[in-house]
Amino acid sequence: MRLVELKISTASQGGHAVVSVYGEVDLYTAPRLQTELAALVRDGVTRLVVDLSGVEFCDSTGMNVLLSAMKRLREQGGSLELAAPRSAVRRILQVTGLDTVFSVHDAVPAVGRT
């Protein structure tokens, strides 16, 4: 069994944050992403951009983590956006119809600007 590490880094300014994710988001690694996103929501982030440019694979568990974080943010008047998904992740978004649920950007938008 191959061990795939998930790396997460966060840059925030004011109520805006960019979470950059690297590796594979699956049943085993998704809890780390969920913990990171939940902490940002608790800290009062209103606009959260998840940079997926470093994600090679994302299964349904990972998609559910993103959906759950988006729901919590919307309940608080915020938003969660996805940025720069690789073709495999973009295909999952399209097949599941989640590309119409999430705001998906080709590149990471500037954070902290109004």
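Everything numeric here is computed off the predicted structure, so don't read it as measured data.
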Open item on the list: If I take atom CD1 from residue I8 and atom CG from residue D51, how far apart are they, to the nearest 0.5 angstrom?
Closed with: 12.0 Å

TODO: Inspect the surroundings of CZ in R86 and state if more than 12 heavy atoms from other residues, nucleotides or ligands are less than 6.0 Å away.
DONE: yes

Open item on the list: Testing the 3.5 Å rule here: is there a donor-acceptor pair between the side chains of S87 and R91?
Closed with: no

- [ ] Please name the pair of heavy atoms, one in V89 and one in P85, separated by the smallest distance, quoted to 0.1 Å.
- [x] CG1-CB, 4.0 Å

- [ ] Side-chain contact test, heavy atoms from C-beta onward, threshold under 4.5 Å: evaluate it for C58 versus L52 and give yes or no.
- [x] no

Task: Heavy-atom pair with the smallest gap, counting every atom of S79 and L73 - done: O-CD1, 3.5 Å

- [ ] Answer with yes or no whether the hydrophobic clustering places L33 together with I92; edges join I, L, V, M, F, W, Y residues whose side-chain heavy atoms lie under 4.5 Å apart.
- [x] yes

Task: V104 backbone acceptor or donor facing D99 side chain under 3.5 Å - done: no

Task: Joint cluster assignment, F57 & L66, ILVMFWY side-chain distance < 4.5 Å - done: no

Task: salt_bridge(R32, E36) N-O dist < 4.0 Å - done: no

Open item on the list: Using modelled atom types and a 3.5 Å cut-off, is there a donor and acceptor pairing between side-chain atoms of D43 and backbone atoms of V45?
Closed with: no

Open item on the list: I need the minimum non-hydrogen distance between G62 and V25, along with the two atoms involved.
Closed with: CA-CG1, 3.5 Å

TODO: Calculate, to the nearest 0.5 Å, the distance between atoms CG and CZ belonging to L82 and R90 respectively.
DONE: 9.5 Å

Open item on the list: My understanding is that only residues two or more places apart in sequence, or in another chain, count here; which of them pass side-chain hydrogen bond (donor to acceptor under 3.5 Å, both in side chains) with T96?
Closed with: none

TODO: Keeping the roles fixed (side chain from T46, backbone from G15), state whether a donor-acceptor pair exists under 3.5 Å.
DONE: yes

Task: Closest approach of S12 to A17 (non-hydrogen atoms, all atoms of both residues) - done: CB-CB, 3.8 Å

Task: From CG (L80) to CZ (R74), nearest 0.5 Å - done: 9.0 Å

- [ ] Measure the spacing between CD of Q94 and OG1 of T100 and express it to the nearest 0.5 Å.
- [x] 10.5 Å

Task: Non-hydrogen side-chain atoms of L37 and M70 separated by less than 4.5 Å - done: no

Task: Spacing of R42 atom CZ and R72 atom CZ [to the nearest 0.5 Å] - done: 8.5 Å

Task: Side-chain touch M63/L93, heavy atoms, less than 4.5 angstrom - done: yes

Open item on the list: Donor-acceptor pair, distance only, cut-off 3.5 Å: does the side chain of N64 make one with the backbone of L67?
Closed with: no

Task: Minimum heavy-atom distance between L6 and T29, given as atom pair plus value - done: CD2-O, 3.4 Å

